[in-house]
Amino acid sequence: MGYDFGKIEVKWQKYWAENQTFKAENDSDKEKFYVLDMFPYPSGAGLHVGHPLGYIASDIYARYKRHKGFNVLHPQGYDSFGLPAEQYAIQTGQHPAITTETNIKRYREQLDKIGFSFDWNREVRTSDPKYYKWTQWIFIQLFNSWYNNDTDKAEEINNLFKIFNKEGNANVQAVCDDDVPVFSASEWKRLSNIEQQQILLKYRLTYLAESEVNWCPALGTVLANDEIVNGVSERGGYPVIRKKMTQWSMRITAYAQRLLDGLDKIDWPQPLKDSQTNWIGRSEGAEVKFQIPNTKFEIPVFTTRPDTIFGTSFMTLAPEHDLVPKITTPGQKSEVEAYIKSTAKRSERDRMADVKTITGAFIGAYAEHPFTKEPIPIWIGDYVLAGYGTGAVMSVPCGDQRDYDFAKHFNIPIPNIFEGVDISDEAYANKEKTVIANSDFLNGLPYKKAVRKVIDELEKHGQGKGKINYRLRDAVFSRQRYWGEPFPVYYIDGLPQMIDENHLPIKLPEVAKYLPTETGEPPLGNATIWAWDLQNAKVVSCSMIDHKTIFPLELNTMPGWAGSSQYFNRYMDPHNDQEIFSEKAINYWRAVDLYIGGSEHATGHLLYSRFWQKFMFDKGLVPVDEYAKKLINQGMITGTSAFIYRTKVGNRVTLVSKNKIKDFGGYPEDSNEASKPEAKGKNVLQKIHADVSFVNTSDELDIAAFLKWQPEYKDADFILENGKYIVGREVEKMSKSKYNVVSPDSICEDYGADSLRLYEMFLGPLEQSKPWNTAGITGVHGFLKKLWKLYHSGPNGEFKVDNLTNPGGILNNPSPESLKTFHKTIKKVEEDIENFSFNTSVSTFMICVNELTAQKCQSRTILEPLAILISPYAPHIAEELWEKLGHSGSISTIPFPKYNPEYLVESTKEYPISFNGKTRFTLELPMDMGKDEIEAVVLAHEKTQQQLAGRTPKKVIVVPGKIVNVVG
RNA sequence: GCUCGAGUGGUGGAACUGGUAGACACGUUGGACUUAAAAUCCAAUGGACAUUAGUCCGUGCGGGUUCAAGUCCCGCCUCGAGUACCA
């Protein structure tokens, strides 16, 4: 009886589903362990073999932890709001909910075939109103909060309101908009309700504000930076302009420092931490105020080099800076306006790509140096970004290369304030070696001391202060899309109001069209019913808006990251319709113990979700402020594309086999030869992707199948080698358009899910990216067959354990060498799982089974625990063998075997001995011999004596079990 | 440009704190069993000379530390990922 993986896998998958084998309880005496995957977006293309890599790794770990006696939470769900479903809807009119449902079904089928131990009772979908009710709920909590820098946490907005009533805002240390005026309690009370609300909005953790976005008028929507190529939209090639729009934003900047500090507490990959650190971009320096004489204006700038303040020879503002129109002199007006117009046309990307060209304009105004009181000309230039710092810089050309280049270009003086440094060719930016000169009270001071001194002086004169600036910006939270969470917001007199929590969720309305309306309103503007009836607390028809009891609703939807920022906590109590999760559930599960997912979310999801978690922590809703203790980034699995080479001979299309190209007098179009000028007019062969499913493991193309797929080559000539057409191979990203996609379904069908699981792990280290190559799977598949055989040694292939009652059939006493083999394996496998070295443990299994087979191991004492050991990796075959061994029920919670160190002790061990790194011989010594004893034996050894030739050894290096080294 | 990571056979990759480099697997070659193929099993497989027994060279390049370096230090080269006028 052979290894019939198909039958076994169907049987056990059905068993697990029927018996709810992997259901996690919120009530358990066992210790908890939470293993989380990043939930997938269910795309129409289905899964390819690259997708489940992380899921397999986390599944192995989850199953291992179950064997170790933990109550394991291992959930899965779908991040089902998103662009592709909406694009599809725009093209076909098909409702995104329908395509999403279809895709989820397909995903589920594919996932089930791989045999994951997910607790599907806890499935969540971000597009499900029962789920996004709580996304909307969190939004309301954020709206009702402000960030108090004194207590360093988020607090109720009502408290702020009370403080304003009592004493105004002079003593409030809050993270808020820059333009909040200082007011007293009496001034506050004199404000109208609307004015008060407008001020509170500047403090709320989610707020409405004008921000600059990439607007594509033709598409009628905002585009992200990566949706724009060379200044035009990626889709359609329409022009994109930068435009100010009123948008919802999240005040993530309030948490910048805590997001940085938190990184020290969590076990995440260093590169990922680095990229978050980078993204937050903390820099220390000072804010300096420059007055503009004879006006009420002052320009604050941020600088990391306040020590160079006496080197300031001009100021530069971002072209979009608010003050520019106000302070430009009439004589410069036309030039300045022309410049602003020309920069506004350039997209962010253009600006980035073209950093070499120096442009700018003098605006005619002068600021006053805070110390020397000398006039400083004010320029605008697009090397200064509106969104960073204050959008203005004090330009110190001797100390900053960009300022230097700008000064050179516009003939602005470059005063030197560094001692003993030549700045005739370039700026001098080495802070550590800086000694300041020509700088009044700073002369002779090194960088650090000078910085401190300047900040002291600035503060004394009210001209500035020490400041920490962050690169991180508040996150824009509005999208002009249909397929996302609606905001629980309506407007009275243009002011946003939260819908009462009791009326959530606010469900997405049906719309006629999924594109934004022509007036620029988001798709929800196309809904026939989409307004808020305050009295009756329900969504009603647009035509009835009277602004008295019926009010307009927010038409934007939330961005993709909204739904994924708290899903890990919702899994703990996913069916709770009273609370986002119960206190009991969150206090039991607390945090994710192991999170596995891709590094592409480093500065998106993984940052936003940490932000929300910290907010939830401040509100006392969660017990920990970092939700994932350990995180692992699995690498990408790339595809191995296949190419055919096409050319024309006369009028005939000719396809040339790879190794015949040279004989044919040609070369592939991307080869070195083809790029040389002499290649012109020579025989350059076009490379065309062939579907990898028509290519066998020896790179031979199945011509018949290929022609069926691409009938246009029916009449082509094939130039073969040895009767075969050999394709070219290249590693590329796995993608439909490259015809190199391998689906897990076909692998499961041909080799089984257990082979797929083992092979994905065997391919290489989890965190590395590596190419898929189906050919190699025969190795692990062969291993599973050997494993099966190990348990089936009878002459007719009957199960070996059936012979248990048959005298002489089964030896219950394993041989010492089998015990050694097996206990060695337990130790290694356990260590490997704990270190996430899944690839090497697969090798360990292979060695183990090979050795046990060679040793003719027939012992139940070994074969039983071996099945457990292997079950996290290959659960189906393990369950089947476990059953054949006479057990009922699932193997999944049977305790993991323990190794006995006694079996690992070797009685003697060969110790290689070397002298001066050259001469080597070995001694056989008992394993348990101590250091001194070994030394004595080594010295007494005849050969050692010869080698030492009468000299006394300086030292004997002993590493028990490893090596002995004698230094003569 | 900056930050991080990686360079080991024909290929994917092993090698724990420096301690017999190339585990395990793919591929290739030869053999067994077969009418044949598949499947299975056995053997060889870093390179060069010797082909019994051995010797020398080998972890991107050049130095260094050490009895001993893939591993540690210094200087380069190449590739990959992220980020980009951040004042």
Side-chain angles (χ1 to χ4, degrees), chain A residues 2 269-279 281-283 285 301-306 308 315-316 318 348 351-358 381-385 387-396 399-403 405-406 429 469-473 599-600 602-603 633 635-636 640 697-699 729 758-759 762-765 767-783 785-786 789 828 831-832 835 837 839-847 850 910-920 922 953-955 957 959 962-968:
Chain A
Q270 197 53 45
L272 197 151
K273 287 187 184 181
D274 289 345
S275 84
Q276 290 206 346
T277 306
N278 231 314
W279 189 261
R282 180 192 149 105
S283 53
V301 303
F302 174 75
T303 176
T304 54
R305 295 295 304 274
T308 64
M315 285 185 79
T316 316
E348 288 271 344
R351 241 166 111 159
M352 282 185 234
D354 183 25
V355 294
K356 293 262 156 61
T357 318
I358 295 162
D382 71 355
Y383 81 97
V384 176
L385 303 176
Y388 183 77
T390 61
V393 300
M394 58 176 226
S395 304
V396 183
D400 183 286
Q401 193 58 43
R402 291 156 305 172
D403 295 342
D405 294 340
F406 195 88
N469 198 51
Y470 298 92
R471 199 185 79 117
L472 184 72
R473 302 178 202 184
S599 57
E600 67 273 19
T603 53
N633 291 131
M636 199 175 41
T640 313
T697 54
S698 319
D699 294 350
R729 290 286 201 175
L758 280 168
Y759 188 52
F762 184 70
L763 223 45
E767 307 187 57
Q768 241 172 57
S769 113
K770 55 238 160 195
W772 179 265
N773 171 18
T774 305
I777 202 169
T778 53
V780 291
H781 188 63
F783 156 74
K785 285 194 208 165
K786 282 184 207 163
K789 227 186 214 169
K828 183 78 165 66
E831 283 169 2
D832 282 347
N835 296 324
S837 309
N839 55 330
T840 49
S841 50
V842 177
S843 298
T844 310
F845 284 131
M846 291 180 179
I847 297 166
N850 278 341
E910 288 193 347
Y911 289 87
I913 297 178
S914 65
F915 287 92
N916 302 326
K918 283 286 172 192
T919 319
R920 280 217 180 88
T922 58
K954 278 192 194 128
K955 58 175 178 177
I957 302 158
V959 185
K962 277 280 177 186
I963 207 159
V964 179
N965 211 325
V966 185
V967 183

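Computed from a prediction, not measured in an experiment: that's the story for all the values here. Every chain is numbered from 1, with letters handed out A, B, ... down the list of sequences.
Checked against A87(B), A25(B), A14(B), the side chain of Tyr388(A) finds its nearest nucleotide in A87(B). Distances from the side chain of Leu385(A) to the nucleotides G82(B), A87(B), C24(B) place A87(B) closest. The nucleotide whose nearest atom lies closest to any side-chain atom of Thr840(A) is, among C24(B), A15(B), A87(B), A15(B). Counting only heavy atoms from C-beta on, Arg471(A) has its side chain closest to C86(B) among C4(B), C86(B), C26(B).
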Original post:
According to the Watson-Crick and G-U wobble definition with distances under 3.5 Å, which dot-bracket string, read 5' to 3', encodes RNA chain B, using [ ] for crossing pairs and | for pairs with another strand?
Top reply: (((((((..(((......[....)))((((((.......))))))((((....))))..(((((..]....))))))))))))....
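Lys828(A) has its NZ atom 6 Å from the P atom of A15(B), to the nearest Å. If you take CG of Leu763(A) and C1' of A14(B), they are 15 Å apart, rounded to a whole angstrom. Look at NZ on Lys786(A): it is 7 Å from P on C42(B), rounded to the nearest Å.
Rounded to the nearest Å, the gap between the P atom of A84(B) and that of G13(B) is 29 Å. Distance noted for atom P between A69(B) and G18(B): 13 Å (whole Å). Of the P atoms belonging to G22(B) and U45(B), the separation is 12 Å, rounded to the nearest Å. A distance of about 31 Å separates the C1' atoms of U8(B) and C41(B), rounded to the whole Å. Rounded to whole Å, the separation between the C1' atoms of U78(B) and U29(B) comes to 34 Å. For the C1' atom pair drawn from G12(B) and C73(B), the interatomic distance equals 31 Å after rounding to whole Å. The gap from the C1' atom of C24(B) to that of U52(B) amounts to 31 Å, rounded to the nearest Å.
For Arg402(A), a side-chain nitrogen or oxygen approaches OP1 or OP2 of C86(B) to under 4.0 Å. Between Asn839(A) and A14(B) there is a side-chain N or O to OP1 or OP2 distance below 4.0 Å. At A25(B), one or more side-chain N or O atoms of Asn850(A) fall inside 4.0 Å of OP1 or OP2 (strictly under the cut-off).
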Original post:
Going through the checks in order, is the side-chain hydrogen bond (donor to acceptor under 3.5 Å, both in side chains) test met by Asn773(A) and Thr640(A)?
Top reply: CA-CA 7 Å; Asn773(A) 171 18; Thr640(A) 313; 5.8 Å; no
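Shown here are the side-chain contact (heavy atoms from CB on, under 4.5 Å) partners of Ser599(A), two or more places apart in sequence or in another chain: Asn633(A).
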Original post:
When every nucleotide of nucleotides 5-11 of chain B is labelled 5' to 3' by its protein contacts under 4.0 Å (heavy atoms), B for base, S for sugar-phosphate only, - for none, what sequence of letters results?
Top reply: -------
